[in-house]
Amino acid sequence: MVFVLMKEERKGNEGIQGKQYSQEKDSWIQGSNENEGWQTSSCSKEKKGAPSCERNNTIQRKGQKLNTFLKQLKLKKQKEFELAKQGQEFQGEFLSVKWYRSSQIKFGFAINKRLGKATLRNKIKRILREWCRLNKNKAISGLYLICLKKLPQAKLTQTLWSELDELFKRIAS
């Protein structure tokens, strides 16, 4: 939550009047210049380690991070990818999903280098992982290999999400 400091609170901060602060002490959010900004209390270095930022700290329960794409949901081994490739194929306009019946739910992604540079391919994988994390309850147990055939021209996230919804409805029926 962001609020503007009152006149009494500005006395110690005379050089930065009119700029917004967060509720945490000494944590400046934005100012007149877009390149300005610093935070001391919310993102500080621990004694001997990497910086500890609030946005990087996820909620944990019994040693397990919540709101993440869990390792148990990933296809990792070459054998798992080979099994998934042999499964039934469901094709959409931009994506194809190969599904192999198994006792567990796992997702893997295959995106060809000819579709774009690494940054674009990684963005697509992040979108697909997020859909899988949020919609794993729609999936029937099995190994899923999600392949991107071609890139949508506009609204990448919406297009991929709607097509994944449609394909997983077809798999479930």
Could you tell me which residues satisfy side chain to side chain donor-acceptor pair (under 3.5 Å) with [X], sequence neighbours excluded, listed by chain and number?
| X | value |
| --- | --- |
| K138 | D165 |
| Q78 | E82 |
| E163 | none |

Same cluster or not: [X] versus [Y], using hydrophobic residues (I, L, V, M, F, W, Y) connected whenever any side-chain heavy atoms lie under 4.5 Å apart?
| X | Y | value |
| --- | --- | --- |
| L145 | W131 | no |
| F81 | L148 | no |
| L143 | L70 | no |
| L160 | L120 | yes |

Query - Residues that R101 engages under salt bridge (Lys or Arg N to Asp or Glu O under 4.0 Å), provided they are two or more places apart - result: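 Partners of R101 under the salt bridge (Lys or Arg N to Asp or Glu O under 4.0 Å) test: none.
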Check: By salt bridge (Lys or Arg N to Asp or Glu O under 4.0 Å), which residues pair with E130, not counting sequence neighbours?
Finding: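 Applying salt bridge (Lys or Arg N to Asp or Glu O under 4.0 Å) to E130 gives R133.
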Could you tell me which non-hydrogen atom of [X] sits nearest to which non-hydrogen atom of [Y], and how far apart they are?
| X | Y | value |
| --- | --- | --- |
| G92 | L167 | N-CD2, 3.8 Å |
| L95 | L164 | CD1-CG, 3.6 Å |
| A139 | I105 | O-CD1, 3.7 Å |

Could you tell me the separation between the [atom1] atom of [X] and the [atom2] atom of [Y], rounded to the nearest 0.5 Å?
| X | Y | atom1 | atom2 | value |
| --- | --- | --- | --- | --- |
| S141 | Q104 | OG | CD | 9.0 Å |
| F69 | L134 | CZ | CG | 10.5 Å |
| K117 | K123 | NZ | NZ | 15.5 Å |

Under the side-chain contact (heavy atoms from CB on, under 4.5 Å) rule, collect the residues that match up with [X], sequence neighbours excluded.
| X | value |
| --- | --- |
| R121 | I111, K113, A118 |
| K169 | none |
| K71 | K76 |
| T157 | I127, W161 |

Considering only heavy atoms from C-beta outward, does the side chain of R126 approach that of N122 to under 4.5 Å?
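With C-beta onward as the side chain, the pair touches.
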| query | Do K74 and K106 come within less than 4.5 Å of each other through their side chains, counting heavy atoms only? | reply |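 No, too far: nothing below the 4.5 Å cut-off.
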Give every residue pair that meets the ring-ring contact (aromatic ring centres under 6.0 Å, His included) criterion with at least one member in residues 100-125, sequence neighbours excluded.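 As it turns out, the ring-ring contact (aromatic ring centres under 6.0 Å, His included) pairs with a partner in residues 100-125, which skip direct neighbours, are F107-Y144.
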Pair up each side-chain donor or acceptor in residues 83-91 with any protein partner under 3.5 Å, not counting sequence neighbours, and list the distances.
residue, atom, partner, partner atom, Å
E89, OE2, Q91, NE2, 2.9
Q91, OE1, K149, NZ, 3.0

Do L151 and I124 pass the side-chain contact (heavy atoms from CB on, under 4.5 Å) test, and can you show the C-alpha distance, the side-chain angles, and the key distance before you say yes or no?
-> CA-CA 9 Å; L151 284 174; I124 291 166; 3.3 Å; yes
request  = Evaluate side-chain contact (heavy atoms from CB on, under 4.5 Å) for N112 paired with C147, printing each intermediate quantity in order.
outcome  = CA-CA 8 Å; N112 199 330; C147 304; over 6 Å; no
- Are F168 and W99 close enough that their ring centres sit under 6.0 Å apart?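 F168 vs W99: aromatic centres not under 6.0 Å.
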* Got a sec: does the CD of Q153 have more than 12 other heavy atoms crowding it under 6.0 Å? ->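 Counting other residues, nucleotides and ligands, CD of Q153 stays at 12 neighbours or fewer.
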